[in-house]
Amino acid sequence: MRRVIVTVPLVLALVGCGGLAPEGEPVPRPRAGTTVGLMYGAGGRGDHAYNDSVAFGLDRAKVEFGLRTKELKAWAGEGDAPRIERLRLLARSGCDPIIGVGFPNAAAVKRVAAEFPRLRFALLDDASATAANITNLVFAVNEGAFLVGAAGAFKSTKDNLGFVGGVNAPQIRQFEVGYRAGIAHVRPKDRIQVEYLSQAPDLSGFSNPALARTAAARMYASGADVVFQAAGSSGAGVFEAALAAGGWAIGVVTDQAKSATPSVRGRIITSMVKEVDVAVFDFIVTVLRGTVKAGPITYDLKAGGVDYTTTGGHIRDFVPRLDALKRQIINGTIKVPTG
Amino acid sequence: MSPQTPDTFVNRLLGRIKLNGLMALAAPVLAILFAGVITSVVLILTDHPPVDTLLAMVEYGSTPRSLVGIINLASAYYLSAMAVALGFRMNLFNIGVDGQYRLAALIAAAVGGAVTLPKPLHIGLILIVAVAVGAAWAGIAGVLKARRGVSEVISTIMLNTIATGLGAWLLAQWAVPVAGSNNIGTNPIPESGHVPSIPLIPGAPNEVFGLFVVAVLVGIGFHVLLNRTRFGFNLRSTGLSEPAAVASGVDVKKMVIVAMLISGGMAGLVGMPQLLGSSYSYSLDFPPGFGFTGIAIALIGRNNPIGVAFGALLWSFLDVSQNILSLEKVSPEIVTIMQGVIVLAVVIAYELVHRYRIAAEQRRVSRELSAPVGMEGAAA
């Protein structure tokens, strides 16, 4: 009887685990005491944005496979030394595999992976640190941003769109580049207003909703009717501005028409989802199966790693055209520029 | 200091009035005990065992590897705090250390990455550039104060913001992308600009940044400059009483500019142990914020080179040992609470001890005065 109860979640896990990892192979039960170590980016669990999406994937694996987890986080601007120490603590305390989230953890993963060659490491959103025991989980965010840019351009009646970036850093400029390309592809003459909330290395723009609200309000006031935000937990401010101005907004990372504050959900026409939770979950699955590979795994449109959402039905009329664009990107007819 | 030092709160706060003997030890011990009590209360309120948690921190913080990390971090904190302390001694509040060291580290890293020179020259050039940039950036605030009477508090805060913007722009101009990463940084400094590290702690797998030595030298230089030179005397007297300094022939305006230049020059060194000892490039990830930590540490250390060294090591110990807390399921923010409480406790403890000393002296004096009066009364 007990065995049955144990196997049910495993079957569910196989059904539930995205389209990325090869299915049909048995997921071995975790060795006694498999502990996943995870180091979040700045903000950590509870940021209602990127890191929470990572946590969602981790929690899913934890529940479905009965794993244990140890979670630490990086602090904005603390430099590499303390991150290396913390990651090493995870390695020494018996965690395997270990996941580092975001480029700030790249140097730490590289160092600690070299010291512990028998442990498996994953690095999310960074392909600079490579080794035989590091898997790099990277996303083609420009492709997803292209689609929401096109969706925004279809939706805009004023031919005027906005982009609010959290921090002016390469990571966020990828979103802007794809978004611009998507708008330009559909409506080449549309006006695009762009604002970044802080300049790297100052990362405060990811956690300043008030500033985001002001920036977005300025865009709506000067004629924009759709604003896309890639600003971490600051994004809530963009939604508030959309509500106040009666404009439209585009969410990021998760389907924010489902996850944002209920009062603003009606203003979110689509979100550019980035399946970080799937990437984390799949990595853990491949580790448990023993099929994990080193090197970059790109989560692009083709792999379903990035996409757009239709919750709320605001872009219902444009879905056929958007899906056509999606197919063209996947088969290479449209090349989306990178930052 | 001198017996003429006016006994004001600010002078007591900034350590211009010294405590003697046991009193000098009582204040910091009181402060740390008080911080321990407050932290324990917070730990109990959040359902964590206070003794076990603090012991886990001490145990982790005293491993050889952690000790090296503590010294490395403390080097930067110390330089930053000494830069602030120099200003404090002259009643100048240099809040701009943060912007000064970030801009200095960026430009020094760019220069260091652009040239190739023999080893000592290369390192020397990078350090000189860093000191010059830090001094120049602080010098703007100095000149504004001397020539236009602009408060250095306002101007240095504004220069911090300008340094952030300027730094972001310069980085965008000079940066080379790191392949496959979302990070960008200046061209890495070649091998000839690296400072070899020192195996200071026996048994540690990692080593102390070579420029730790610079922090020690700056501390010694600070002491000599302030206490053994005429410039130092002028600086201290300007800080204590500007009219008195003017009356005794000190050119206060010149002193303001020179003090800001020296403070900024020291600030320029803050990022150097890290830059030349480990990262070799100024990237998006170069640690900001040391300038503000330096203010708190200067207060803890009461602007005294030895006191600041203890303050820097204590702060750095707390920063490093907090790493263990997340594994113990304790929120690492507890350390931020502890650091804040220590700063407040130091200020309060010194003030209490000062007041106790003043009260005790007054009682002693009044006892001595009243005793003969009583005898005279009895005789009459």
Side-chain angles (χ1 to χ4, degrees), chain A residues 37 39-40 42 44-45 70-90 92-93 95 102-108 110-111 115 123 125-130 136 138-139 141 167-174 196 198-204 295-296 339, chain B residues 60 63 65-66 68-70 72-73 76 102 106 160-161 163-172 175 177-185 205-206 209 271 273-275 277-279 281-290 316 319-329 331-333 336:
Chain A
M39 177 113 127
Y40 292 106
R45 189 188 269 269
K70 282 190 180 163
E71 300 162 47
L72 300 181
K73 71 170 182 178
W75 300 70
E78 64 181 345
D80 287 337
R83 287 176 197 151
I84 293 170
E85 288 311 307
R86 243 171 279 144
L87 210 64
R88 182 180 282 119
L89 273 176
L90 288 178
R92 288 178 62 98
S93 67
C95 295
F103 77 86
N105 285 318
K110 193 170 173 64
R111 269 286 273 287
E115 273 178 51
L123 182 55
D125 266 326
D126 191 293
S128 67
T130 52
N136 309 82
V138 293
F139 293 85
V141 293
V167 176
N168 192 354
Q171 183 187 2
I172 301 302
R173 280 202 293 273
Q174 289 290 334
Y196 286 92
S198 76
Q199 301 295 319
D202 171 14
L203 302 182
S204 63
Chain B
Y60 174 72
T63 58
R65 177 189 288 285
S66 298
V68 171
I70 289 169
N72 283 344
L73 187 58
R102 282 188 279 120
L106 168 60
N160 275 344
T161 310
T164 304
L166 184 61
W169 182 74
L170 287 175
L171 187 58
V178 184
S181 170
N182 283 314
N183 201 353
I184 52 170
N206 46 351
F209 293 152
Q274 163 84 26
L275 183 70
S278 150
S279 47
S281 159
Y282 185 98
S283 67
L284 291 188
D285 209 27
F286 201 79
F290 287 171
S316 169
D319 274 349
V320 168
S321 58
Q322 75 169 6
N323 287 338
I324 196 74
L325 290 180
S326 312
L327 280 186
E328 307 267 324
K329 304 273 181 207
S331 166
E333 278 86 353
T336 314

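Residue numbers begin at 1 in each chain, while the letters A, B, ... track the order of the sequences.
B:E328 is linked by a side chain to side chain donor-acceptor pair (under 3.5 Å) to nothing, counting only residues two or more places apart in sequence or in another chain. The side chain to side chain donor-acceptor pair (under 3.5 Å) search around A:R173 returns A:N168, not counting sequence neighbours.
Among A:E71, A:Q171, A:Q174, the residue with the largest count of heavy-atom pairs under 4.5 Å with chain B is A:Q171. Residue with the most contacts toward chain A among B:L325, B:L327, B:L171, B:V320: B:L327 (heavy-atom pairs, distance under 4.5 Å). Of the listed residues (B:N72, B:I184, B:D319, B:N323), the greatest number of heavy-atom pairs within a distance under 4.5 Å of chain A belongs to B:N323.
Of the atoms belonging to B:R102, not a single heavy atom falls under 4.5 Å from chain A.
The number of heavy atoms from other shown groups lying within 6.0 Å of CZ (A:R111) does not exceed 12.
A heavy-atom distance below 4.5 Å is not found between the side chains of A:P82 and B:L73.
For the atom pair B:S321 OG and A:E85 CD, the distance stands at 12.0 Å (nearest 0.5 Å).
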